[in-house]
Amino acid sequence: MTIESYSEAIVADRPKALSKTQSHYCPGCLHGLAHRLIAEVLDELAIRGTTLMVAPVGCAVFASNYFECDSVVAPHGRAPAVATGLKRVSPDKIVFAYQGDGDLASIGTAEIIHAAARGESITVIFINNAVYGMTGGQMAPTSLVGMKTTSSPFGRDVKTMGSPLKMSELIAGIDGATFVSRRSMHNPAEIRKAKKAIRRAFEVQINHQGFSLVELLSNCPTNWQMTPLESLRWIETRMVPVFPLGDLKNAAANNGLKGV
Amino acid sequence: MAIELLKGNEAIAEAAVRAGVDAYFGYPITPQTELLEYMAKRMPELGRVFLQAESELGAINMVYGAACAGKRAMTSSSSPGVSLMQEGLSYIAAAEVPVVLVDVMRGGPGLGNIAPSQSDYFQMVKSAGHGDFKPIVLAPASVQEAVDIMDLAFDLADKYRTIVTVLLDGTIGQMMEPAELPPMKPRRTAAPGWALTGAADRSKNMILPFRLQVDDLEAYNLQLQQKLALIAHSEVRYHEQMVDDAELIVVGFGTAGRIAQTAVRLARRQGIKAGLFRPITLWPFPERRLSQLADDARGFLVVEMNAGQMVEDVRLAVGGQAPVKFLGRMGGSLPMPDDILAAIVKLDQASTRAQPDAPCTIEGPSMPLKHFVSVN
Ligand SMILES: Cc1ncc(C[n+]2csc(CCOP(=O)(O)OP(=O)(O)O)c2C)c(N)n1
C-alpha cells in the first residue's frame, strides 16, 4: 500500500457531547465511562443541543463541566423534581437526571418514585456504586450485606441496617415507568449492553413514551479500597448476584402506546 | 375590570395567572389550599402547567427546574410546608433564578393549627434557608393589596433574579373582600439568555448553586450582597396614615397592621395624636423611614400576631430614640382594636421623649393580661 492510496477512518473519537477537559474523578472510577456512554448516545441521537441535564449532589456534582449541554445542579436527591419542573415547561426538550445511589435510593426516594409514578417524560441514569462516594464511603441503602464502609465499620448487619434496596425492581413495579433496565460497566460486553440501554431510555423519551431509568452498577475504588481491576471483579462477583442485570421493564416494546 | 367579591387565596391565584405565571407546583396545606385548587382548574384551561407535587420538597424543586428554563414559576404553602422548602429556597437563591412563593402563615410551632398567624416573620425575613441570602418579602394587608402585589412580585423576581415571597396570614387568604383584578398580561415568549433552553447554537448554560473554591465563593457572596444592597436601596415599600403630626406610631404588618389602623382612628377620636406605619416590604425593611419618624415620635407600639418578631427590627430602626412597646397575640388569635387602643392610651400616658425607657406595662381592657405578650 502506497502512502497515496492510504485512507484514514476514525473509529474512536471524543463524543461531541463530552467536554474537552480533565475530569476530577478518581483513577479507575466508572463515572467517567458512564458520562462517555451518555455523550455517545446524545451524539448518535443528535439531541445534544436540545438536551438539558440535571446533575446531582454527589461525586457527579461537577457533571456540568463534562457535558456540552445546558445543565443545573439539584439539591441532594431532588434531581427528579427539578427535571420534572424543567420538562413540564419545556416539553420539546430532552431532560435527563444523573443520580448516585445515596441520592436516588436514600434521600431522594420520594422524588424518584413519584416522578416514575407520574410517568414523567424524563430519563434517569442511576449510578449504583454501593456507597456514598463523595462524603467518603459511608453505607448506602445499596451497600451489600456484610459490606464494611466508614459508617458500617463492622459490616452491614441486616438486623440493624436492613438489606440492599433494589430500586430498579421497585420502580419497574410502578405503572408509570416505561423502561427500566439494570446494566453494569465491569467488562466490554456489559458496557456495550449498558450503552444500548441508555440509548433505549433516551429513545423512549424522544418518542414520548414515558419515564425511563437505567441503573448502572458502578465502582468506587477509592472508598472500596481496591485497585480499579479488583473493583471491576468485585462488581461482577459480588454486586451482580445481588443486583441482577437485564431489562426489568420494557413497556414501550410491549405496547407502543404507553405513556402518550 | 370590575370590583368583585373575591376570596383571598383565589384572588391571589388569578392575579398570578394575569401576571403571566407559566407554571405552578404545590402541595395541599391549610390555609392556602384554595390557591392550589384554583390553579388546578385554571392553569390547564389556559394551557399552562399545574402539578400537584409529592411534597413541598418536590414542589420547590419543580419550581427551581421550571425557573431554570426561564419560565415564570411559583408555588404556595403554609408554615410547615415552607419549613420543608427551605433547602430548595437556598439553592434557588444561590442559583439566582426568579421564583415567587406565597406563604399563607398559620399558627405554630409544630403542626400548630390552621388559624391565622404571623409567627413566620423570622423564618422568611431572617432565615429563609441556609447561607447569606434574603428573599424580597411582601406583606399585603387586604385582598386588593394581595392582588396588586402579585404582579409586582413576578416583576421584582425577574428584575433581580431573586425569590420574592408574598407573606400573609390565613385571614387574608381565607377572607372574601371586594377587589378588582388587573387585566391579563401577555406571557413572556422569549427566554432570558441565562435560561436552560438547549445549547444548540450557543455555548452551554450552567446553573450552579455552588462555588467550591474559597475565593470564588467569597467573590460570589460579595456579588450577591451587592445585589441585595441594591434591592434594599430601591425596593422599600410601606403604607402610613396620619403620621405627619403623630406623637405615637403604631406599627404592624398585614392583618395586624390593618386592625391597628382601626385602633389609630379610635385613638384620634380621643384626641391622641396616633399614626399608623405599615411596612409592605418586610425585607427590605423600611428602617430609614422609621428612623425618621423616631426623630419626632414620643413612642412606638408594635402589634403582631406572634410573640414579638418584627418588633426587633422596629427597635433597631428606632435606635433607642423613643420607647418601643409590643402587643402580640398568638395561636391564631387576633389583637382587637379595643385592645390596641388601650395599649395606645397607656403608651400615651407613660411615654415622654425625656424618658425613653420609662416602664410601660400593657394591658388589654377586654382580655386578661395573660393573653398578651408584652415585651418591655
Ligand atoms: C441535604 C444533604 N445531606 C447530605 C449531604 C452530603 N452529601 C453530599 S454527597 C452525599 C452522598 C452522595 O452519594 P451518592 O449519591 O451515592 O453519589 P456518589 O458520590 O457515590 O457518586 C452526601 C450524603 C448534602 N450535600 N445535602
Side-chain angles (χ1 to χ4, degrees), chain A residues 16-19 21 24 42 46-57 61-95 97 107-118 120 122 134, chain B residues 21-25 27 43 47-73 75 84-92 94-95 97 99 129-130 187 191 194-210 212:
Chain A
K16 298 244 175 336
L18 204 61
S19 307
T21 182
H24 72 287
L42 298 184
I47 51 173
R48 183 201 60 80
T50 50
T51 293
L52 316 177
M53 175 179 65
V54 183
V57 168
V61 72
F62 300 113
S64 302
N65 292 340
Y66 309 138
F67 286 97
E68 284 305 295
C69 57
D70 282 3
S71 63
V72 55
V73 174
H76 192 21
R78 319 293 171 219
V82 176
T84 296
L86 270 172
K87 183 72 182 193
R88 290 284 176 131
V89 298
S90 343
D92 57 328
K93 299 292 184 304
I94 300 300
V95 177
I107 195 168
T109 43
E111 285 74 15
I112 191 67
I113 293 286
H114 288 280
R118 289 188 302 265
E120 213 59 66
I122 59 171
M134 187 179 227
Chain B
V21 67
D22 295 299
Y24 173 95
F25 304 91
Y27 190 81
M43 295 294 271
R48 305 188 196 179
V49 173
F50 166 86
L51 182 57
Q52 179 172 325
E54 62 272 14
S55 70
E56 288 85 354
L57 286 169
I60 194 68
N61 284 293
M62 290 171 189
V63 166
Y64 178 29
C68 285
K71 298 294 182 180
R72 284 195 151 178
T75 183
L84 275 184
M85 289 184 179
Q86 288 192 292
E87 181 201 37
L89 289 175
S90 179
Y91 274 69
I92 289 165
V97 291
V99 159
H130 60 281
R187 281 160 86 193
W194 50 261
L196 307 188
T197 54
D201 35 39
R202 57 157 168 77
S203 57
K204 63 183 175 182
N205 283 344
M206 297 184 281
I207 297 182
L208 306 176
F210 66 89
L212 238 59

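Labels below follow one simple rule: chain letters A, B, ... track the order of the sequence lines, proteins then strands, and each chain is numbered from 1. Not measured: the values here are computed from a predicted model.
Contacts of A:Ser71 with chain B are made by both backbone and side-chain atoms, with heavy-atom separations under 4.5 Å. For a residue to count as touching a neighbouring chain, one of its non-hydrogen atoms must lie under 4.5 Å from one of that chain's; by this rule B:Val49 touches chain A with the side chain only. Looking at B:Ala195, only its backbone comes within 4.5 Å of chain A, counting heavy atoms on both sides. With a 4.5 angstrom heavy-atom cutoff, B:Arg48 does not touch chain A via any of its atoms. Only the side chain of B:Leu212 comes within contact range of chain A, with heavy atoms under 4.5 Å apart. Within the 4.5 angstrom heavy-atom criterion, no atom of A:Asp92 approaches chain B.
Per-residue heavy-atom pair counts under 4.5 Å with chain A were compared for B:Ser55, B:Ala66, B:Gly58, and the maximum is reached by B:Ala66. Contact count against chain B (heavy-atom pairs under 4.5 Å) is highest for A:Leu52 among A:Thr50, A:Thr51, A:Val95, A:Leu52. Taking B:Leu208, B:Val97, B:Thr197, B:Ile60 one by one and counting their heavy-atom pairs under 4.5 Å with chain A, the maximum is reached by B:Thr197. When each of A:Ala81, A:Pro80, A:Ser64, A:Pro75 is checked for heavy-atom pairs under 4.5 Å with chain B, A:Pro75 comes out on top.
The pair B:Asp22-A:Arg88 fails the salt-bridge criterion, with no side-chain N (NZ, NE, NH1 or NH2) lying under 4.0 Å from an Asp/Glu carboxylate O.
Considering only residues two or more places apart in sequence or on other chains, B:Ala53 meets the side chain to side chain contact (heavy atoms under 4.5 Å, CB included) condition with B:Ala59, B:Met62. Not counting sequence neighbours, the partners of A:His24 by the ring-ring contact (aromatic ring centres under 6.0 Å, His included) test are A:Phe62, A:Tyr66.
By the 4.5 Å heavy-atom criterion applied to side chains, A:Asp70 and A:Lys93 are not counted as neighbours. No side-chain heavy atom of A:Arg78 sits under 4.5 Å from any side-chain heavy atom of A:Val54.
The distance from the OG1 atom of A:Thr109 to the NE2 atom of A:His114 is 8.5 Å, given to the nearest 0.5 Å. For the atom pair B:Glu54 CD and B:Phe25 CZ, the distance stands at 11.0 Å (nearest 0.5 Å).
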